[in-house]
Enquirer: 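Please read through the structure below; I'll follow up with questions.
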Amino acid sequence: MERFLPDDEATIAFGRELAALLQQGDIVSLEGELGAGKSALARATIRALAGDPDLEVPSPTFALVQPYDTPRGPVLHADLYRLGDAAEADELGLLDNSTSFVLVEWAERAAHVADAANIVIALSIPPGGSGRNLVMTRR
């Protein structure tokens, strides 16, 4: 699936759409350069899974992983950008619970996490910098 997200509202709408498609155990790899919108999409998806559009969803950049309990099941939101070594990802428990929804930014920093992802969403900034291009593949 390919889509152009022209603004924040479109990103939020796609986050709701993605949440509706997700099944427990799905691992979503969010790919793209800094500023491509990975965190914004994860935030919108988590809020939709929680059924709370005002839920505080901080970036997991420093904590590496933020857990959420939602009516649909447990959610883990991880940002592996700051990993010193791929083996450190094992300590985060991202692959430990087959009923969790897992959203991972920078999964490529831990190849075994990237390989476990069954949904890959690549976000890119188009020429001119407005909006985002999105490509989603299911494996």
Enquirer: Between OG1 of Thr61 and OH of Tyr81, what distance do you get to the nearest 0.5 Å?
Expert: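 If we round to the nearest 0.5 Å, Thr61:OG1 and Tyr81:OH are 9.5 Å apart.
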Enquirer: Do Phe62 and Leu92 share a hydrophobic cluster (ILVMFWY, side-chain heavy atoms under 4.5 Å, transitive)?
Expert: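 No, it is not one cluster - the side chains of Phe62 and Leu92 are not joined through contacts under 4.5 Å.
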Enquirer: Check this for me: does any side-chain nitrogen of one of Arg3 and Glu17 sit under 4.0 Å from a carboxylate oxygen of the other?
Expert: yes
Enquirer: Hey, does the side chain of Arg43 reach the backbone of Val57 with a donor-acceptor pair shorter than 3.5 angstrom?
Expert: yes
Enquirer: Does the side chain of Val65 reach to within under 4.5 Å of the side chain of Pro60, using non-hydrogen atoms?
Expert: no
Enquirer: Is Asp69 atom CG crowded by more than 12 heavy atoms from other residues, nucleotides or ligands, each under 6.0 Å away?
Expert: no
Enquirer: So do Glu31 and Val120 actually touch side chain to side chain, heavy atoms under 4.5 Å?
Expert: yes
Enquirer: Ignoring hydrogens and geometry, is there a side-chain-to-backbone donor-acceptor pair from Glu88 to Gly84 under 3.5 Å?
Expert: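 Present.
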Enquirer: Answer yes or no: is there a donor N or O on one side and an acceptor on the other, between the side chain of Lys38 and the main chain of Glu33, under 3.5 Å?
Expert: yes
Enquirer: Could you state whether Leu5 and Met136 fall into the same hydrophobic cluster, counting links through intermediate Ile, Leu, Val, Met, Phe, Trp or Tyr residues with side-chain heavy atoms under 4.5 angstrom apart?
Expert: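 Same cluster: Leu5 reaches Met136 through Ile, Leu, Val, Met, Phe, Trp or Tyr contacts under 4.5 Å.
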Enquirer: With a 4.5 Å heavy-atom cut-off, do Leu134 and Leu41 have their side chains touching?
Expert: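 Side-chain contact under 4.5 Å: yes.
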Enquirer: Are Leu103 and Tyr68 close enough that some pair of their side-chain heavy atoms sits under 4.5 Å apart?
Expert: no
Enquirer: Counting N and O atoms only, with roles assigned by atom type, does the side chain of Arg72 sit under 3.5 Å from a partner on the main chain of Ala50, one being a donor and the other an acceptor?
Expert: no
Enquirer: Check whether any side-chain heavy atom of Leu83 lies under 4.5 Å from a side-chain heavy atom of Asp85, and answer yes or no.
Expert: no
Enquirer: For His77, which of Leu64, Ile46, Val28 qualifies under side chain to side chain contact (heavy atoms under 4.5 Å, CB included)?
Expert: Ile46
Enquirer: Looking at Gly131 and Phe4, what are the two nearest heavy atoms and their distance?
Expert: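 Scanning both residues, the minimum pair turns out to be CA-CZ, 3.9 Å.
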Enquirer: Please give me the minimum heavy-atom distance between Leu94 and Ala78, naming the atom from each residue.
Expert: CD2-CB, 3.7 Å
Enquirer: Tell me whether Arg132 contacts the main-chain N or O of Ala36 through its side chain, where contact means a donor paired with an acceptor under 3.5 Å.
Expert: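 Yes.
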Enquirer: Calculate, to the nearest 0.5 Å, the distance between atoms CZ and CG belonging to Arg16 and Leu49 respectively.
Expert: 12.5 Å
Enquirer: Any idea which heavy atoms bring Pro74 and Asn97 closest together, and the distance?
Expert: CG-ND2, 4.0 Å
Enquirer: Locate the shortest heavy-atom distance separating Ala116 from Ile27; write the atom from each residue and the value.
Expert: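 So the minimum-distance heavy-atom pair works out to O-CD1, 3.8 Å.
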Enquirer: Decide whether Val75 and Leu55 are clustered together by the hydrophobic rule: side chain heavy atoms of Ile, Leu, Val, Met, Phe, Trp, Tyr closer than 4.5 Å, transitively.
Expert: yes
